[in-house]
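What follows is one structure encoded as C-alpha cells, with my remarks underneath.
Throughout, residue positions are numbered sequentially from 1 according to the sequence presented. From a predicted model like this one, the values you see are computed outputs, not experimental measurements. Ligands are counted one by one from 1 in listed order, and the atoms in each one are counted from 1 as well.
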Amino acid sequence: MMGHQNIFMEKRKHYMPIFGNRLILLVTTVVLICNAAIAGVEGQSRRVLNFNAGWSFRLDAETDYKNSTADYSDWRNLDLPHDWSIEMPFDSLSPGRSGTAYLPGGVGWYKKAFALSDADRQKRLYIVFGGIYENSEIWINDVYLGHRPNGYVPIVYDLTDHVYKNGVSNVITVKVNNSQQPNSRFYTGSGIYRDVKLVFTEDVAIAYNGSFITTPLINEDEATVHASFEITNYALREQGNITVETRIHDPEGCIVARKVTPEIFTKKQKVTVVEQEIEVPSPQLWSTDRPVLYRAVTVLRKGKRELDRYETVFGIRSFVFDVKNGFSINGQPMKIRGVCLHSDLGALGMAFNRSAAIRQLQIMKDMGVNGIRTSHNPAASEFLDLCDEMGFIVMNETFDVWKHHKNPFDYHLYWDAWHERDFADHIKRDRNHPSLFVWCLGNEAQEQWHDPGLGESIPRRLAAIVDSLDGTRPTTIASNEMSLDNPVLMSTAVDLIGYNYNHGKWPTFPEDHPGRKFIVTESTSALASRGQYDLVPIDTMRIWPTRWDIPFDGGNSDKSISAYDHVHTPWGSTHEESLRLFEAYPHISGMYVWTGFDYLGEPTPYTWPARSSYFGIVDLAGFPKDVYYLYQSVWTDKDVLHLLPHWNWHQGDTVDVVAYYNNADEVELFVNGISKGRKTKEKNKLHVRWRVPYQAGSLTAVAYQDGIEMRRATRQTAGEAVRLVIKNREDTLDVGNHELAFLEVVAVDLEGNEVPCFNDWVEVETKVGGTVVATDNGNPTDGTSFQSLKRKAYNGKLLVVVKGNKGDDKIAVMAHAKGLRSGIRQLVVE
Ligand code: GAL
C-alpha cells in the first residue's frame with residue numbers, strides 16, 4: 001500500500017473534536033516509547049520520496065515537448081499537486097459546459113529534472129502518480145513509459161532501466177490531455193492533481209500495493225490476521241533463503257504479534273506470494289467512534305541483509321449487512337449516516353491538500369455523518385487514509401459510466417481496453433483501508449435502459465473482479481431505474497441493492513425484493529443557497545427543474561435558491577423527508593445524501609452564470625447551510641437549537657421562522673420579548689415553525705425540557721456594517737505539511753452583530769508572511785476567479801485560504817472593505 005507507507009510520515013495523528021471544532025494532535029507517551037523501541041532497526045531498503053516539488057509547467061496544445069532536450073527554461077515553476085483548470089477564468093463557452101463549472105481543460109505539459117546519486121546505483125526505481133486528469137503520456141529521458149486515459153487511478157512506472165544514476169540529470173516529461181470535452185458530468189480539474197512519489201527498492205521487494213491484510217476471525221481474546229504479500233524478484237537469478245518477518249504494532253505503537261516465514265524461494269522475474277497468519281491478542285476494534293489503527297511492518301531479509309521493509313496500515317473490525325436489521329459493526333447495530341462527496345475541494349479545485357480534506361471531513365463528522373460515498377470515482381488515497389483515521393464508513397466507487405456514454409468523450413471511450421485494469425488497480429490500492437466497507441460498481445449506468453445484455457454481464461464481471469482481489473466486502477450498484485426489468489438493479493451478482501432516490505419505494509423494499517439487503521446509495525438532491533430565504537410560506541414546495549429533461553427557465557432572477565428546505569429536484573426530496581424515512585425503517589442499512597458539500601459543476605437547476613452545485617448541506621466555501629443543523633439534531637447527541645432565517649427584513653414582512661432542535665420537548669419563540677407561542681414537533685416533522693410579522697429587534701427561541709429552559713438561540717437585527725472581523729478555527733499553521741488556514745471574514749455592526757446581508761466587495765492581503773491561495777463565498781453564481789484577492793461577500797461571509805511560506809514564523813492576514821474598519825488575523829507558524 002503505497003498510500004500507507006509511512007516512511008516519511010510523522011507520528012500518526014488521531015483527530016478528535018474538542019472545544020467545538022478544534023482538531024488536536026494526540027501523541028501519547030506510550031506511542032513514543034513503543035516507537036523508540038523499533039527506531040534503531042529501521043533500514044534503508046525502501047525509500048519513498050515525495051516528488052511534488054520543483055516541476056515546470058506549460059499549457060500548450062500546439063507544440064510537442066516530449067524530447068528531453070526540449071527547452072523549458074521559461075516555463076512556470078510550481079509544486080504539485082496542481083489543477084490548471086481552477087486557475088482559469090469561468091467561460092460560458094467552455095466546452096465542458098456547466099458539468100465542469102465552465103472551466104476549460106486543454107493540453108498541459110510538466111517537466112522535472114532530477115539526479116540520482118551513486119548510492120542508488122543498485123536500486124530499483126518507480127514513480128507513482130496518485131492521479132492525473134486525464135489521458136497522461138509519460139517519458140523518462142527519451143523513453144516512452146506509456147499512456148493512461150483514466151484520470152483517477154494511480155499510475156506507476158518502473159524507471160529502473162531508463163535513468164542515469166551517476167549524478168547526470170534525468171528529465172521526466174508528462175503530457176496531460178484534457179482537451180476532448182465534454183468528458184464528465186462534474187468537475188474533474190486538469191493536471192497532476194495528486195501526490196507524486198519516487199520509490200526506491202532492492203531487486204527483491206514487495207510489489208507496489210502488494211500486501212493484503214484481512215482479519216477473518218475476531219473475538220474478544222484474539223483476532224486472526226491473514227496477511228499476503230506479493231514479492232517480486234528482478235535479480236539476475238532466483239533468490240532463495242529469504243525470510244519474511246511481520247510485526248504487528250497496536251494503535252499505541254507497541255509490537256503485539258510477530259510471524260517469521262523462513263526459506264522463501266523467489267524465481268527471477270516472477271511474483272512469489274507469501275501468506276502469513278498472525279494472532280493478535282485482545283484486539284482493539286476499529287469503529288467510527290474509535291477508529292484505531294494497527295500497522296503491519298514486514299521485513300524481507302536474506303541472511304542479515306534487509307531487502308525490504310514494508311508497512312501496511314489496517315484495522316480490525318467485523319460487520320454485517322442484514323436483510324431485516326440493516327448494518328451492524330462489531331456486533332452493534334448502526335445506521336450508515338452518509339453523504340456523497342465529489343473529489344474537488346471547492347476553490348482549490350482538484351489539487352489535493354490534506355488539511356483541506358481534513359476540514360471537509362471534520363465538518364461532516366461534527367454534523368453526525370459517519371459514512372462517505374466517494375462519488376463517482378476513486379478519491380485520493382490520502383483521503384481514504386483520513387477516513388481510516390477519523391472514522392467513516394466508505395462506499396468506494398470507480399465508474400460513473402460503463403460502456404455506454406453519458407458524455408461524448410467520457411470513459412466509455414476507454415471502457416473495453418481499460419476498465420478491468422483500472423478497477424483492479426483501484427481495488428488493490430484501497431483494499432487494506434479499514435474505513436472501506438462497500439464497493440459500488442457503478443452509478444446510474446445507461447445499461448439500465450439501453451443494453452440489457454451488458455446490464456446483466458457487466459455487474460457480474462465487476463463483482464467477480466472484487467471477489468478475486470478483495471472478497472471481504474459487499475458490492476452494490478447505484479441504480480435509479482426501479483423497474484423489475486432493469487437487469488442492473490436486479491443483478492444477483494451484487495450483495496446489496498442500491499437505490500438512488502425513489503424514497504417513496506424505500507418502505508416497501510422488503511416486499512419488492514424479498515430476501516435482499518438494502519442500501520440507499522444516493523438520496524435527496526434538495527437545493528439551497530446558503531443564507532438565502534424567499535419569504536413565501538415554506539410549505540409551498542418547489543420542484544426545480546420541473547422535469548430532468550426539460551430546460552428550466554423559472555427560479556429566482558439572481559439564480560439563488562431559498563434555504564428553507566423547500567426546494568428539490570423532481571427525482572429528489574427535501575432533506576427532512578428522506579431523513580425521516582431513512583431513520584424510520586431498520587431495513588435501510590445506510591443512506592448517502594447527495595451531497596455533503598456543494599461541488600464544482602452541475603449547477604442544477606440553473607446554467608451560466610451559475611457554475612457550481614446547490615445540493616450541498618454545506619456550501620462550496622465550507623459554510624454550513626441551515627439543514628446542517630437538521631441533521632445534527634437527529635444524528636448527534638450534541639444539544640442543537642438552530643433558528644432561521646436571519647432577522648434583517650422590512651417592516652411589514654411576514655416571515656416563516658423555523659427551529660431545528662433536539663434534547664428538548666418544546667420550543668418557544670419570542671419577538672422582542674413577546675411570546676409567539678410554544679411548539680413541539682408534530683408527528684413526522686423534524687422542525688417547528690411559526691409565521692410572524694417582522695419587527696426589527698431580536699428573535700429568540702427557548703428550548704424546554706419538562707418545562708425547564710435548556711438553551712436559547714437569538715437572531716438580532718443587525719445595523720450598518722462598520723468593521724470586518726476575520727475568524728478562524730486554528731491559530732497555528734504547519735508549513736512543512738502544507739497546511740492551509742481557512743479564514744472566515746464577516747462584517748459586524750457597532751454592537752458586534754454579524755450583518756447577514758453584507759454582500760459588498762472585500763479585498764484581502766497578507767501583511768506578514770503567507771500567501772492567499774484562494775477566496776470563495778459559497779455563492780454558486782459568483783464569476784470571480786478563485787484566485788482573486790478581491791471578491792464580494794455572500795450573505796455575510798467570505799472565505800480566505802492561506803498557505804504559509806518557508807521561513808515564515810508568523811502570518812498576518814488583512815481584509816478591507818469600503819467604508820469599514822479593516823479586519824486582521826495572525827497565525828503562528830509551526
Ligand atoms: C444523480 C447522479 C449524481 C448527480 C445527482 C444530482 O442522479 O447520480 O451524480 O448528478 O443526480 O441530483
Residues Glu602 and Arg185 bridged, charged N to O under 4.0 Å:
yes
Is the shortest distance from a Lys or Arg side-chain nitrogen in Glu397 or Arg373 to a carboxylate oxygen in the other one below 4.0 Å?
yes
List every atom of ligand 1 that sits less than 4.0 Å from any heavy atom of [X], numbering the atoms from 1 in the order shown and giving each element.
| X | value |
| --- | --- |
| Ser525 | 6 (C), 12 (O) |
| Tyr501 | 1 (C), 5 (C), 7 (O), 11 (O), 12 (O) |
| Glu444 | 1 (C), 2 (C), 7 (O), 8 (O) |
| His376 | 3 (C), 8 (O), 9 (O) |

Return yes if some donor-acceptor pair links the side-chain N/O of Arg611 with the main-chain N/O of Phe90 below 3.5 Å, else return no.
no
Out of curiosity, is [X] lining ligand 1, as in a heavy atom under 4.0 Å away?
| X | result |
| --- | --- |
| Asn500 | yes |
| Phe615 | yes |
| Thr569 | no |

Ile519, Asp495, Leu441 screened by side chain to side chain contact (heavy atoms under 4.5 Å, CB included) with Thr476, the one that passes:
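That would be Ile519.
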From His503, His568, His376, residue fulfilling ring pair (Phe, Tyr, Trp, His ring centres under 6.0 Å) relative to Trp594:
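With Trp594 as partner, ring pair (Phe, Tyr, Trp, His ring centres under 6.0 Å) holds for just one option, His376.
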Out of Glu522, Lys406, Glu602, indicate the one that has the non-hydrogen atom closest to atom 2 (C) of ligand 1.
Glu522
Least distance between heavy atoms, Leu348 atom then Ala356 atom:
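For Leu348 and Ala356, the tightest heavy-atom pair comes out as CD1-CB, 3.6 Å.
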I need the contact type for Trp594 against ligand 1. Using non-hydrogen atoms and a strict under-4.0 Å cut-off, is it side chain, backbone, both or neither?
side chain
Indicate whether any N or O donor in one side chain lies under 3.5 Å from an N or O acceptor in the other, for Ser573 and Ser578.
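There is such a pair (donor and acceptor under 3.5 Å, judged by atom type) between the side chains of Ser573 and Ser578.
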